[in-house]
Amino acid sequence: MQEEINASAVINIKGLCKSFGENNDVLKGVNLSVKKGENLVVIGKSGSGKSITIKCLVRLIDADKGVIKVFGTTINNLGEKELNAIRIRIGFLFQNSALYDSMTVKENLAFPLMRHSTKLSLKEFDDAINESLESVKLIEAKDKMPSELSGGMRKRVGLARTLILKPDIMLYDEPTTGLDTITSREISHLILEIQKKNKTSSIIITHDMTCAKLTGDRIVILRDGIIYAEGTYDTLEKSEDEWVRSFFI
Amino acid sequence: MIKLKLLTISLCVKDASLTDTYVKLLYISKVNFVVSSFKNIFNASKTLIAYLNSVFKDAGNVSLFTIRFFKEAVKPPFEIKEFVKQCYYIGYKSLTLVGITGFIMGLVLTIQSRPTMAKFGAESWLPGMVGLSIIKEIAPVITALICAGKIASGIGAELGSMKVTEQIDAMEVSAINPFKYLVVTRIVATTLMVPLLVFFADGIGLLGGFMGINIHSDFSLYHYFSKVFDSLEFIDVLPAVIKTFFFGFFIGLIGCYKGFTAVNGTESVGKAANTGVVVASLTIFIIDMLAVQLTDLLF
Ligand SMILES: Nc1ncnc2c1ncn2[C@@H]1O[C@H](COP(=O)(O)OP(=O)(O)OP(=O)(O)O)[C@@H](O)[C@H]1O
Ligand SMILES: [Mg+2]
């Protein structure tokens with residue numbers, strides 16, 4: 001397993017296609033790779049298939065065509081057990097937070113932890129929850145229900161819930177949408193911190209160009225079902241293609 | 001078309017040569033009519049086929065869902081905590097509702113049956129008759145219908161909204177089996193709790209019957225119950241008990257299926273709850289009918 005992690009590309013997607021119904025080809029051959037410890041930002045217009053791409057990556061949606069490799073393993077036809085072993089190492093922040101409505105914030109965090117870190121003592125267990133909540137500055141909301149939180153707070157709890165398992169890969173679906181500028185920047189810095197501390201590789205989907213600039217080592221732009229452009233923030237900003245440049249205004 | 005006809009007829013009066021045109025027009029309109037009715041029939045049959053197709057598809061999917069349930073139900077680890085919680089919600093939280101309806105059922109049944117029984121001078125058989133009908137038929141079916149309304153819709157709405165807000169997806173990506181956690185626990189809970197609720201309704205219903213009898217005559221509780229139990233035989237009660245497990249199973253299964261397979265969009269949550277109740281209620285009647293036929297054959 002160790003050498004797999006060391007191999008340069010942790011995520012490797014080749015020729016990913018996905019369509020919904022006959023005339024609705026959303027992805028038409030996406031190629032993507034993320035190196036270990038790299039933050040890849042994905043931008044693109046609403047409905048261009050960004051969320052679908054990362055859902056294919058954890059097999060929430062089955063791809064029609066293409067090869068998806070995570071940690072060097074092709075996950076397309078993996079059995080449940082092997083797939084779950086990989087899923088544990090991937091953190092997924094949902095666009096709409098997807099907090100469990102019937103549980104308090106604390107229980108939301110405890111839910112995955114309880115199942116996957118069974119060896120923790122009660123104190124370590126509490127500490128892990130507190131630490132994770134502190135990192136998103138929401139320790140005071142510990143005993144609240146998700147319905148009592150604002151959209152931005154929900155997003156941060158969602159982030160805390162994904163971070164608690166210390167994943168090797170983080171998939172952020174619009175981590176800063178719906179947050180004020182200051183909190184957005186804090187989240188962006190948190191993403192950077194996670195990258196540094198845990199050597200996490202991440203895919204960050206965002207419409208927030210400040211976040212893209214702060215967090216992204218590399219940026220790809222999705223258009224018409226393929227990767228239309230790729231580069232660092234600075235190169236894309238000065239791109240000759242007017243459509244690409246329009247994202248950076 | 002009518003306007004055209006009138007026009008041509010009025011023209012015909014003036015000019016006989018136009019009659020020919022009129023006949024032609026009439027012919028064309030007839031042909032048109034035949035063609036369009038064929039089209040209508042064709043379209044109607046197409047919708048019918050599409051409908052039947054979706055019904056069969058649904059039946060196939062429910063079967064797959066059921067098979068998956070049995071596969072996952074026997075595979076450890078078991079979600080004991082969630083199961084107990086569901087038993088509490090499904091069983092304990094329905095006690096009041098089931099109790100009240102059970103009591104009213106027993107009371108009303110007794111009061112309404114009395115005149116007929118009295119006509120035949122068979123008033124002393126009233127407890128036996130009431131007991132038999134409550135335990136064999138009324139309590140199981142009414143309780144199951146109430147559970148279909150309360151539990152199947154509740155499960156349908158709960159799982160439906162979890163599906164729509166990606167909570168089920170979130171479980172899946174954190175390597176927690178949502179089918180096991182949400183579906184298996186709920187179906188097992190309904191399968192075990194509905195029979196218990198029916199048992200409770202039996203008891204309360206019989207008490208209601210006792211009150212009903214005591215409005216007009218003086219029966220001691222002991223006398224009443226000994227009369228009721230005299231009229232019951234094990235063979236009568238057994239099929240009634242067995243069918244309640246099936247009621248419970250299908251209430252859970254249908255609620256879970258509808259919720260778990262809800263498609264995106266908030267309106268599908270309401271739909272999941274609604275169709276859950278309708279299908280579950282219908283299924284209860286079908287099971288009841290099959291159970292009666294089967295007992296008739298076997299005993
Ligand atoms: N379950 C589904 N059934 C049919 N079409 C779907 C489904 N899920 C997504 N789509 C379609 O796929 C396309 C891409 O969806 P996706 O959610 O990936 O967009 P996105 O790039 O994440 O957009 P946004 O920035 O608004 O989140 C959309 O046009 C959508 O209509
Ligand atoms: Mg999206």
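Note on naming: letters A, B, ... go to the chains in the order of the sequence lines (proteins, then strands), and numbering restarts at 1 for each one. Since the model is a prediction, treat every value here as computed from it, not as a measurement.
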From [X] [atom1] over to [Y] [atom2], what is the distance, rounded to the nearest 0.5 angstrom?
{"X": "B/Thr165", "Y": "A/Asp101", "atom1": "OG1", "atom2": "CG", "result": "5.5 Å"}
{"X": "B/Gln167", "Y": "A/Ser102", "atom1": "CD", "atom2": "OG", "result": "7.0 Å"}
{"X": "A/Asn84", "Y": "B/Ile176", "atom1": "CG", "atom2": "CD1", "result": "9.5 Å"}
{"X": "B/Ser174", "Y": "A/Leu165", "atom1": "OG", "atom2": "CG", "result": "7.5 Å"}

Task: Validation row: A/Leu60, B/Glu166 side chains within 4.5 angstrom (heavy atoms) - done: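 They are not in side-chain contact.
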Task: Within-4.5 Å side-chain heavy-atom neighbours: B/Val173 and A/Ile90 - done: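 B/Val173 does not reach A/Ile90 side chain to side chain.
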[X], [atom1] atom: more than 12 neighbouring heavy atoms under 6.0 Å:
{"X": "A/Phe125", "atom1": "CZ", "result": "yes"}
{"X": "B/Phe78", "atom1": "CZ", "result": "yes"}
{"X": "B/Phe179", "atom1": "CZ", "result": "yes"}
{"X": "B/Tyr181", "atom1": "OH", "result": "yes"}
{"X": "A/Lys142", "atom1": "NZ", "result": "yes"}
{"X": "B/Lys150", "atom1": "NZ", "result": "yes"}
{"X": "A/Phe20", "atom1": "CZ", "result": "yes"}
{"X": "A/Asn24", "atom1": "CG", "result": "yes"}

Task: Heavy-atom closest pair, residues B/Ala175 and A/His116 - done: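 Smallest heavy-atom distance, with atoms named: O-CE1, 3.5 Å.
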Task: Interchain contact, A/Ile86 with chain B, by part (heavy-atom threshold 4.5 Å) - done: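 For A/Ile86, neither part sits under 4.5 Å from chain B.
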Open item on the list: Counting only non-hydrogen atoms closer than 4.5 Å, does A/Tyr100 touch chain B with its backbone (N, CA, C, O), its side chain (CB onward), both, or neither?
Closed with: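 Contact with chain B: backbone and side chain both.
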TODO: Look at B/Glu172 together with A/Lys55 and state whether they make a salt bridge at an N to O cut-off of under 4.0 Å.
DONE: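 Salt bridge absent between B/Glu172 and A/Lys55.
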- [ ] Go through the steps to decide whether A/Arg115 and B/Glu79 satisfy the test side-chain contact (heavy atoms from CB on, under 4.5 Å), and finish with yes or no.
- [x] CA-CA 11 Å; A/Arg115 272 140 225 276; B/Glu79 301 281 356; 2.8 Å; yes
TODO: Could you check which of B/Met171, B/Met162, B/Glu158 has the highest count of heavy-atom pairs closer than 4.5 Å to chain A?
DONE: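 It is B/Met171.
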